[in-house]
Amino acid sequence: MLTKAPKGTKDVVPEESYKWQYIERTIRKVCDSYGYKEIRTPVFEHTELFERGMGDTTDVVQKEMYTFEDKGGRSITLRPEGTASAVRSYLENSLYAAPQPTKMYYIISCYRYENPQKGRLREFHQFGVEAFGSEKPSIDAEIISLAMTLLNNLGVKGLELNINSIGCPECRKEYNEKLMKYLEKHLDKLCITCKERYQKNPLRILDCKHEQCKEIGKNAPILLDNLCNSCKEHFDSLKNYLAHMNIDYNIDPFIVRGLDYYTRTVFEIISKDIGAQGTVCGGGRYDGLIEELGGSPTPGIGFGLGIERLLLTLEGQGIEIPQCEPIKVFIANIGEKAEIKAQSLVLALRKHGISAEKNHMDRSLKAQMKYADKLGVLYTMVLGEDEINTGKAKLKNMKTGEIVDIELDHLVETLKEL
RNA sequence: GUGGGUAUAGCUCAGUUGGUUAGAGCGCCAGAUUGUGGCUCUGGAGGUCAUCGGUUCGACUCCGAUUAUCCACCCCA
């Protein structure tokens, strides 16, 4: 118990952290080039923010939130996603006063009380991007392109981009009535879960895996065919931008996102080789959200990209992730006097920006060499009484085995040149 | 919340129809004439066989419960 991390959480151990750092580095580079700046918000927020933001009928809000009361009697929730906090901060800090659109990104941990499985954890990490203030389809295209560029820069291949439009509240309401009218006739033939969906979220019935439901869904009206004029224009324009940006996409009229705030553009990027939870990235437009959270009517769009799922994809595709820089030099010592000298030499090297390491265990010279080899250091220097007395030592290149003489007084300069 | 699989060394796994000192490979530590790693060889440390209970003369092995973990449904990143 004491030595077991809570269900659905995972450590990133020192041997693995370089993978995360590489992904984070790549993310920051791409965001810089797109003009998105990082925002950092608290891990927890007032519960109400998420209830209002995601919609209190959604699964996430109803059964997956880590909610507790703090000592002051406030209801607090560990963030299950990033968008609500970003909007809150946008309003609280009057970011709308700056030239629009406001473009920001974040790399955060999120918390949802779910049963863990492949690609699903209770604590997971998300790279998110948000753009507030523009309703132009060009920003939709930019956001999608940012995600695709990141994946491309990481060397990920064969991901599928699916896009859809779920319209604005007006055309969706009209469509919902149409759809429910159609489904009403077949209500008794739907599966149990779809019967529940009928009231809650009839759109999702069209995405059901049951044969019966699929059959019924085939002839159902499709939202994409029932968009109002301005929503249709918006979607057509987005497709046009994507085509001009050479971004391949499929239109999937059955993408239904589980959060209430989405309007118009929704999209998903799917990986086939990471198990049942294939959505690496999901997002869309949320033109009503900022108003819902107390701001003036402001359009917005963004996405969330799961870092764990991204890592699974990279590993699944056998993509090599660059390791961090190896230690430059290991100073092996023989005897107590040399050990003390080694300690200060290592310090001197580090002060000059040269990574250096020494022994901190009871180890023979041979064992120290072995240790240096396992650390993957580039060079090893042996330090004993002789070297201290003569001021000269031998430096071994661990890759080639070549040994050269060096002067202890010029250790820093010599190693800098190597 | 529901369903299925799994649980033996730090890791990956063996363990014969229940039979007494539970094994291998990798990893770790040490040594192979005492000041130079990788390859090889030798030796060593390390396990309440997830936990609790039951059956039995006897359980790592059979049965039950609990817990953990993996996978899937739902939903999502």
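Hydrogens, waters and symmetry mates are skipped; everything else that's a heavy atom, side chains included, is used.
Residue-to-nucleotide contacts include a donor-acceptor pair under 3.5 Å from the side chain of R120(A) to the base of C74(B).
Distance alone, capped at 3.5 Å, places no donor-acceptor pair between the S271(A) side chain and the V280(A) backbone. Judged purely by atom type and a 3.5 angstrom limit, K351(A) has no side-chain atom pairing as donor or acceptor with the backbone of V346(A). A side-chain donor-acceptor contact under 3.5 Å links T47(A) to the backbone of S75(A). Judged purely by atom type and a 3.5 angstrom limit, T67(A) has no side-chain atom pairing as donor or acceptor with the backbone of T77(A). Q368(A) contributes a side-chain N or O that, together with a main-chain N or O of N333(A), makes up a donor-acceptor pair within less than 3.5 Å. At least one donor-acceptor pair under 3.5 Å links the side chain of S364(A) to the backbone N or O of A367(A).
Here C74(B) presents its P atom at 17 Å from CD of Q62(A), a figure rounded to the nearest Å. Rounded to an integer number of Å, the gap from I23(A) CD1 to A77(B) C1' is 13 Å. With rounding to whole Å, L151(A) atom CG is found 15 Å from A77(B) atom P. Between E160(A) atom CD and A77(B) atom C1' the separation is 17 Å, expressed in whole Å. What separates CZ of F124(A) from P of C75(B) is a distance of 17 Å, to the nearest Å. Spacing between atom CG of N115(A) and atom C1' of C70(B) amounts to 12 Å, rounded to whole angstrom units. Distance E268(A) CD to C75(B) C1': 12 Å, rounded to the nearest Å. Rounded to whole Å, the distance from CZ on R122(A) to C1' on G1(B) is 11 Å.
Each of E123(A), R79(A), R122(A), E81(A) was scored for a side-chain hydrogen bond (donor to acceptor under 3.5 Å, both in side chains) with Y111(A), with one residue passing: E123(A).
Spacing of C1' atoms, U56(B) relative to C62(B), comes out at 10 Å, to the nearest Å. Spacing between C26(B) and G38(B) at atom P, rounded to whole Å, works out to 15 Å. With P as the reference atom, U48(B) and G23(B) are 15 Å apart, rounded to whole Å. Only the P atoms considered, A59(B) is 49 Å distant from C75(B), to the nearest whole Å. Rounded to whole Å, the separation between the C1' atoms of U61(B) and G25(B) comes to 23 Å.
Taking side-chain N and O atoms only, Q117(A) has no distance below 4.0 Å to OP1 or OP2 of C70(B).
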**Study point:** Intermediate values then yes/no, salt bridge (charged side-chain N to carboxylate O under 4.0 Å, His left out), K103(A) and E130(A)
**Key:** CA-CA 6 Å; K103(A) 309 205 294 186; E130(A) 316 286 351; over 6 Å; no
In a table with atom names and distances, give each donor-acceptor pair under 3.5 Å that connects a side chain of residues 158-177 of chain A to protein atoms at least two apart or in another chain.
from, atom 1, to, atom 2, distance (Å)
N162(A), OD1, N250(A), ND2, 3.0
N164(A), ND2, P253(A), O, 3.2
N164(A), ND2, I255(A), O, 3.3
S165(A), OG, G167(A), N, 3.3
R172(A), NE, I166(A), O, 3.2
R172(A), NH2, Y262(A), O, 2.9
Y175(A), OH, P221(A), O, 2.8

Would you list the atom pairs, donor with acceptor, under 3.5 Å between side chains in residues 11-19 of chain A and any protein atom, with sequence neighbours excluded?
from, atom 1, to, atom 2, distance (Å)
E16(A), OE1, K19(A), NZ, 3.4
S17(A), OG, P14(A), O, 3.1
K19(A), NZ, E315(A), OE2, 3.1

Could you give the side-chain donor-acceptor pairs of residues 403-416 of chain A under 3.5 Å, partners two or more places apart or in another chain?
from, atom 1, to, atom 2, distance (Å)
D405(A), OD1, K394(A), NZ, 3.0
T414(A), OG1, H410(A), O, 2.6

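The shortest heavy-atom contact between A220(A) and L179(A) is CB-CD1, 4.0 Å.
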Provide a list of protein-nucleic acid N or O atom pairs under 3.5 angstrom, restricted to nucleotides 65-69 of chain B.
from, atom 1, to, atom 2, distance (Å)
U69(B), OP2, K7(A), NZ, 3.4

So which protein nitrogen or oxygen atoms get under 3.5 Å of nucleotides 4-6 of chain B's nitrogens or oxygens?
none

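Side-chain rings of Y182(A) and H186(A) approach one another, their centers coming within less than 6.0 Å. The aromatic ring centres of Y286(A) and Y261(A) sit less than 6.0 Å apart.
Note on E114(A): a base of the nucleic acid sits closer than 4.0 angstrom, heavy atoms only. The residue Q126(A) sits close only to the backbone: its heavy atoms come under 4.0 Å of sugar-phosphate atoms, none of a base. Using a 4.0 Å heavy-atom cutoff across all strands shown, A276(A) reaches sugar-phosphate atoms only and no base atom. If you check every strand for non-hydrogen atoms under 4.0 Å, V60(A) touches nothing. Within 4.0 Å of C281(A), counting heavy atoms only, lie sugar-phosphate atoms of the nucleic acid but no base atom.
Among residues at least two apart or in separate chains, ring pair (Phe, Tyr, Trp, His ring centres under 6.0 Å) pairs with a member in residues 325-356 of chain A are F330(A)-Y371(A). The stretch residues 23-35 of chain A participates, sequence neighbours left out, in these salt bridge (charged side-chain N to carboxylate O under 4.0 Å, His left out) pairs: R28(A)-E38(A).
Applying the side chain to side chain contact (heavy atoms under 4.5 Å, CB included) rule to D386(A) yields no partners; only residues at least two apart in sequence or on another chain are considered. With sequence neighbours left out, the side chain to side chain contact (heavy atoms under 4.5 Å, CB included) criterion links S145(A) to Y34(A), T149(A), M245(A), I247(A).
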**Study point:** Base-pairing string, 5' to 3', of RNA chain B - Watson-Crick or wobble, under 3.5 Å, | interstrand
**Key:** (((((((..((((.....[...)))).(((((.......))))).....(((((..]....))))))))))))....
Exercise for review: Could you run through nucleotides 25-41 of chain B and give me one letter per nucleotide, 5' to 3': B if any protein heavy atom sits under 4.0 Å from the base, S if only the sugar-phosphate is that close, - if neither?
Suggested key: ---SSSS---BBBB---
Point to revise | Nucleic acid footprint by protein, nucleotides 44-51 of chain B - heavy-atom cut-off 4.0 Å, B for base, S for sugar-phosphate alone | key: --------
